[in-house]
2 protein chains.
Amino acid sequence: MRTPQELSTAFRAIGLKVTPQRQVLFSLLHQNDGHPSAEAIHLAASAAMPGISLRTVYQTLNDLVSMGELQQLQLTPGSARFDPNTSDHHHLVCDGCGDVRDVYVSGLADVDVRGLDGFRVDATDVVFRGSCPTCTSATGDPSAPHA
Amino acid sequence: MRTPQELSTAFRAIGLKVTPQRQVLFSLLHQNDGHPSAEAIHLAASAAMPGISLRTVYQTLNDLVSMGELQQLQLTPGSARFDPNTSDHHHLVCDGCGDVRDVYVSGLADVDVRGLDGFRVDATDVVFRGSCPTCTSATGDPSAPHA
DNA sequence: ACCGTATTCGCAACGATTGTTGGTTCGCAA
DNA sequence: TTGCGAACCAACAATCGTTGCGAATACGGT
Ligand SMILES: [Mn+2]
Ligand SMILES: [Mn+2]
Ligand SMILES: [Zn+2]
Ligand SMILES: [Zn+2]
């Protein structure tokens, strides 16, 4: 994620105004290395600016996504996750707790792909699904705590 | 997708009944090599059995998914897609028309993955996003029809 | 054929996201 | 500094996809 300053400039450049609400969101996203939902972002933003509306959060997230400054992920049914990490990376998803982590993959260009049939590929997303260490020890451990 | 007969046996084996509605769905899915939504499956099922409820379609699809006989995909925001193709394959998604196609990838085991950190990987999903031949010629063609 | 239980269906409810409207505030270019 | 248009909020309503619920019905082992 670019800095709040850079994002402010980018917003102004396309005729969008830089409001305090947006600045709060720029700052939160810039520091965020996770994969928060809109609801989670709203919660965090509310701490810094009580009263900020969920509607405004959605609006700004959508703006950032369409500017290519933020990635929107739909890894599971349910709410979308937003990803401030714009570097070339992929994801691990824990089926147990729903946690999403970044993972870096190299050598993807060497895989053999059959069936492209004239399809133009713009992006490749790899999603590894499984169990995080916490959930693995919980489910695999016979002495695991209840539920 | 296994045959309707095999699915019937599998259902009975776990105490689930084989109803006419389910038989219609078994048959439809067995012949289907696409990635239909629940709505689309309901539409097709309604042709064979007028009056079948969308609720029943969801119920049976969910049963098949939890039995591992059917795959559920969440490739985009919006409705889930169901995949009767249980072979090891991956997907192409057209950003233009939303079409989903199968693609076969080999050599995935050779890619270098950093950041696994004790995470146990059970499945790997690769999604190629881009533009199908139809949408590519439409958008790239200066003489393309309006809108 | 009987009976217990699974299934069906229609409708209500849900979670996530977007649309609307009206009044107020505020960024920012001139 | 001013003025205009954008953005904000509140308060809803609406949409979409999916699931919960409950009364009526039907499967299938005996
Ligand atoms: Mn990420
Ligand atoms: Mn497929
Ligand atoms: Zn976990
Ligand atoms: Zn297309």
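It should be emphasised that the depicted structure is a prediction, and the values quoted were computed from it without experimental measurement. The figures that follow rest on heavy atoms only: side chains count, while hydrogens, waters and symmetry mates do not. First the proteins, then the strands, lettered A, B, ... as listed; each starts at 1.
Linking Ile, Leu, Val, Met, Phe, Trp and Tyr whenever their side-chain heavy atoms come within less than 4.5 Å puts Val65(A) and Met1(A) in one cluster.
Within residues 63-71 of chain A, no residue approaches DNA chain C, by heavy-atom distance under 4.0 Å. Within residues 21-32 of chain B, the residues having any heavy atom under 4.0 Å from DNA chain C are, by residue number, Gln21(B), Arg22(B).
Listed by first and then second residue, the ring pair (Phe, Tyr, Trp, His ring centres under 6.0 Å) pairs involving residues 52-95 of chain A are His35(A)-His91(A), His89(A)-His91(A), His89(A)-Tyr104(A) (not counting sequence neighbours). Screening residues 14-25 of chain A for salt bridge (charged side-chain N to carboxylate O under 4.0 Å, His left out), with sequence neighbours left out, gives Arg22(A)-Asp63(A).
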Side-chain donor-acceptor pairs under 3.5 Å in residues 7-14 of chain B, sequence neighbours left out?
unit_1, atom_1, unit_2, atom_2, d
Ser8(B), OG, Pro4(B), O, 2.8
Thr9(B), OG1, Gln5(B), O, 3.1

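For Arg81(B), the salt bridge (charged side-chain N to carboxylate O under 4.0 Å, His left out) criterion is met by no residue, not counting sequence neighbours. Asp33(B) is linked by a salt bridge (charged side-chain N to carboxylate O under 4.0 Å, His left out) to nothing, counting only residues two or more places apart in sequence or in another chain. Gln31(A) pairs by the side chain to side chain contact (heavy atoms under 4.5 Å, CB included) definition with Ser27(A), not counting sequence neighbours. Under the rule for a side chain to side chain contact (heavy atoms under 4.5 Å, CB included), the partners of Glu6(A) that lie at least two apart in sequence or sit in another chain are Arg2(A), Thr3(A).
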Walk along nucleotides 24-30 of chain D from 5' to 3' and tag each nucleotide B, S or - by protein heavy-atom contact under 4.0 Å, base first, then sugar-phosphate. ---BS--
Any chance you could list the contact pattern along nucleotides 18-24 of chain C? Use B for base contacts, S for sugar-phosphate-only contacts and - for none, protein heavy atoms under 4.0 Å, 5' to 3'. SB-----
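Note on the helix from dA1(C)-dT30(D) to dA30(C)-dT1(D): terminal axis deviation equals 50°, with five pairs used at each end and the result rounded to 10°.
Listed candidates were dT8(C), dC9(D), dT17(C). Nearest to the side chain of Ala80(A) is dT17(C).
One can place CD of Gln74(B) at 11 Å from P of dT17(C), the figure rounded to the nearest angstrom.
Applying side-chain contact (heavy atoms from CB on, under 4.5 Å) to Leu92(B) and the options Leu116(A), Asp117(A), Val113(A) leaves one that passes, Leu116(A).
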